[in-house]
J.: 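I am attaching a structure below and will ask some questions about it afterwards.
Just so it is clear: chains get the letters A, B, ... in the order the sequence lines come, proteins before strands, and each one is counted from 1.
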Amino acid sequence: MTKLNLAPFVLGAALLSAAVLGVQSAQAHHAFAAEFDAKSPVLLRGKVNKVEWINPHAWVHLMAAGPDGQVREWMVEGGTPNTLLRSGIDRNTLKPGTEIIVRGYQSKDKACAPVCKANGRDVAFPDGRKVFMGSSGTGAPKDGADPNDK
Amino acid sequence: MIRQFLVWLQDQLGKGAGDTAQSWSQDLLGSLNFWGLIEGTHLLSLMLFAGTILFVDLRLLGFTLQRTPVSVVSRRILPLTLAGFGLMVVTGLALFYAKPLFYYHNIWFRAKLLFLVLALINIVIFHLRAHRNQDAWDKMPRPPTATRVLAALSLLSWLLVITMGRFMAYSWFDCGKPIPHWVNVVQECQASEHGAVDAADIAAIGGKAP
């Protein structure tokens, strides 16, 4: 007489689905789509206020005009300090006062409180040099511009 | 009180002289490799910890390893669980040290600590209640209901600890953003350096911050 015990199978199925969900969200520190709007690309031109060289994401602060034309403070998310260093951005190239042009995507909430937020795609310097500032594979729209994006 | 200590921990401890001097906490947060190593270790030891406690709890529930006495399962597996937990605590404290004020005002972190305390209380209850007469049910394929309930609570509280920890990576409810009033209260945003902004107030003035 064997009684089929379904409990392990139910639990197994629950764990498996949790694992699948976990893998999907673990592709990045956090999913791009959870916080940023791929349909809201922004082009920000302005002088660097300050840069927070912190993990897991560095933040570049600059005063720039947003999509509505109003000049506000923006904070733009980049990769880790390590990622930025390897793509050629460090404390010396991104000093306060440096004029930059950042391409990125605005956060889903567009309240701009306390400051406007965006995910940074790439940053262009006055000398024309252009470097990627996001870590690859964050879920940002692939436009073919990033050679590391597959 | 706690907040003042954390401000000192984050901004003052280990700070040298000079305009660009950083505290140890800030050095750790800005480090090129160390922070990532700690975070990676924290997540990898989670697998060791949660993966092994899963087996112990499933045995106590009577779902797996039914022919193996509970004492044998515990003796073989719990040392691994403890090792994983030790690594998690050490790396977790280091991650907290890198950003103490952020976590202090973070609703996910507060919920995580709450469930962590519940999980630890559950362990104490297990030792006071179920563990005392373990000889009586050690070899049972399906331990008594009281034991099974404690095992289920253990599983549930650890899953919640992990889930809350996962959500700490998201900034939906950061202080200073327009968030529901009760979240501002739970996170004590008013006392934070970003202040408290109620979503209802922002909506009332047309959706844009002044």
J.: Distance from B:Leu32 atom CG to A:Thr83 atom OG1, nearest 0.5 Å?
T.: 10.0 Å
J.: Which answer fits B:Leu159, side chain, backbone, both or neither, if we ask what part of it has an atom under 4.5 Å from a heavy atom of chain A?
T.: neither
J.: For A:Glu35, does its backbone N or O pair with a side-chain atom of B:Trp172 as donor and acceptor, under 3.5 Å?
T.: no
J.: So, for A:Ala111 and B:Pro178, which heavy atoms are closest and what is the spacing to 0.1 Å?
T.: CB-CG, 3.8 Å
J.: Should we say atom CD of B:Glu193 is surrounded by more than 12 heavy atoms from elsewhere, each under 6.0 Å from it?
T.: yes
J.: Under a 4.5 Å cut-off applied to non-hydrogen side-chain atoms, are A:Pro81 and B:Trp35 in contact?
T.: no
J.: What do you reckon, is CZ of B:Phe55 surrounded by more than 12 foreign heavy atoms closer than 6.0 Å?
T.: no
J.: Counting heavy-atom pairs under 4.5 Å to chain A, which of B:Gly62, B:Cys175, B:Gly195, B:Ser31 comes out on top?
T.: B:Ser31
J.: Just wondering, more than 12 heavy atoms not from A:Arg129 lying within 6.0 Å of its CZ?
T.: yes
J.: Nearest 0.5 Å, please: how far is CZ in A:Arg91 from OG1 in B:Thr20?
T.: 9.0 Å
J.: Heavy-atom distance under 4.5 Å to chain B: side chain of A:Lys108, backbone, both or neither?
T.: neither
J.: What I'd like to find out is whether the side chain of A:Asn55 reaches to under 4.5 Å of the side chain of B:Glu39, using heavy atoms alone.
T.: no
J.: Any chance you could measure B:Lys177, atom NZ, to A:Ser107, atom OG, to the nearest 0.5 Å?
T.: 6.0 Å
J.: Side chain from CB out, backbone as N, CA, C, O: work out which of these in A:Leu85 comes under 4.5 Å of a heavy atom of chain B, or both, or neither.
T.: side chain
J.: Please state whether the side chain, the backbone, both or neither of B:Ser171 comes within less than 4.5 Å of a heavy atom of chain A.
T.: both
J.: Using a cut-off of 6.0 Å, state whether more than 12 heavy atoms not belonging to B:Arg3 lie near its atom CZ.
T.: yes
J.: Count the heavy atoms belonging to other residues, nucleotides or ligands that lie under 6.0 Å from OH of B:Tyr97, then report whether that count exceeds 12.
T.: yes
